Amino acid sequence: MKTVCVVSDLHMFCKRSHWEDHLQDMDAAAASADLFVFNGDTVDFKWTTLSGVEETVEAAIAFLGDMAGRFPECRFHVNLGNHDHVQKFIDALVELARKTENLTWHPYYLRVGNTLFIHGDMATRKMNQAQLEVYRSSWLHHKKQGRMKNRVYDAAFKAGAHVAVSRLAHPPKRTLKRVHAYIHDIGHGKPEGVENVYFGHTHVAVDGAHYRGVTFHNGGAPMRGMNFTLLTLKVDALG
Ligand SMILES: [Mn+2]
C-alpha cells in the first residue's frame, strides 16, 4: 500500500486564503507520503497579492520546486484548477516537470488505481470534458484583478458571504451528481474501476459521501469559516 496526501484550493497568494498556516503540516505529510497531490486552484492568479501573473508564476514554481527538492522520496503531482489554468503557469510547469524527476502535472486529472483526483469545476456548472475545456480556455490569459475590486471582495469576505455563496452554489447532492456525470464522461467512473474520487473547487468539505457506488471526498479550503483538511489515503497501486 502507498500513502497519498491530497490538498486542494490552497489559493496561494490570495490574501483571503490562510494557506501559509498549513505549510508545516504539508511538510510533515510530504515527509511520509509516497505521493502528494495538489488538486487544483493551488495558485490564485486572479486574486494574487503579488505584482502580477509573472511574479506569481515565479513564486509558485519556486514553491513547488523547493518542495519536490526537499522531499525526493515523495512524488508530487499538480492538477490544475480554474484559478491556475493560466498559460504562463502551464509553460513554467512544463519546464519544471522536465527538470524535476519527482514532479508531474496534468490540466484535468490523475488516476491512481481505484482512485481519481480532479479539481471539480464541473460541480458549479454541469460540464462534460469538451465543455470543461472551453470553460478553462477562458482562464488561460486571465488578468490579475485590480485593487479596488479586491478590496470590495475582502469586505464581503469579512462578512462571511463566501461561506453562504459556496454552500448555496453547491448543494451536496447536485455537486455529487455533476462530478459523477463528469467522471463517466472521461471514462473514469465505476464501470472503469474508480471507487474513490477526491475533488475540491467548491470549498465545501465532503467526508466520504456515497453516490451511485462511488465515494467522494473534498478537503475544503483554507478560508475563514470553511473547513480545511489535508487528506491522507492509502492506495494499492501507483500508476
Ligand atoms: Mn476552482
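Remember, it's 1-based here, ligands and their atoms both numbered in the order they're listed. In this chain, residues are counted from 1 in sequence order. From a predicted model like this one, the values you see are computed outputs, not experimental measurements.
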Heavy-atom donor-acceptor pair, Asn128 side chain to Asp185 backbone, under 3.5 Å:
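Here the side-chain-to-backbone pair does not exist.
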Donor-acceptor pair, side chain of Asn79 and main chain of Phe117, under 3.5 angstrom
yes
Do any of the N/O/S atoms of [X], backbone or side chain, fall under 2.8 Å from the Mn ion (ligand 1)?
X      : answer
Asp41  : yes
His119 : yes
Asn82  : yes

Checking side-chain polar atoms at under 3.5 Å, does His203 have a donor or acceptor matched by the opposite partner on His11?
yes
Decide whether His201 and Thr124 meet the rule of one side-chain donor and one side-chain acceptor closer than 3.5 Å.
yes
Return the name of the atom in His201, of element N, O or S, nearest to the Mn ion (ligand 1).
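This turns out to be ND1.
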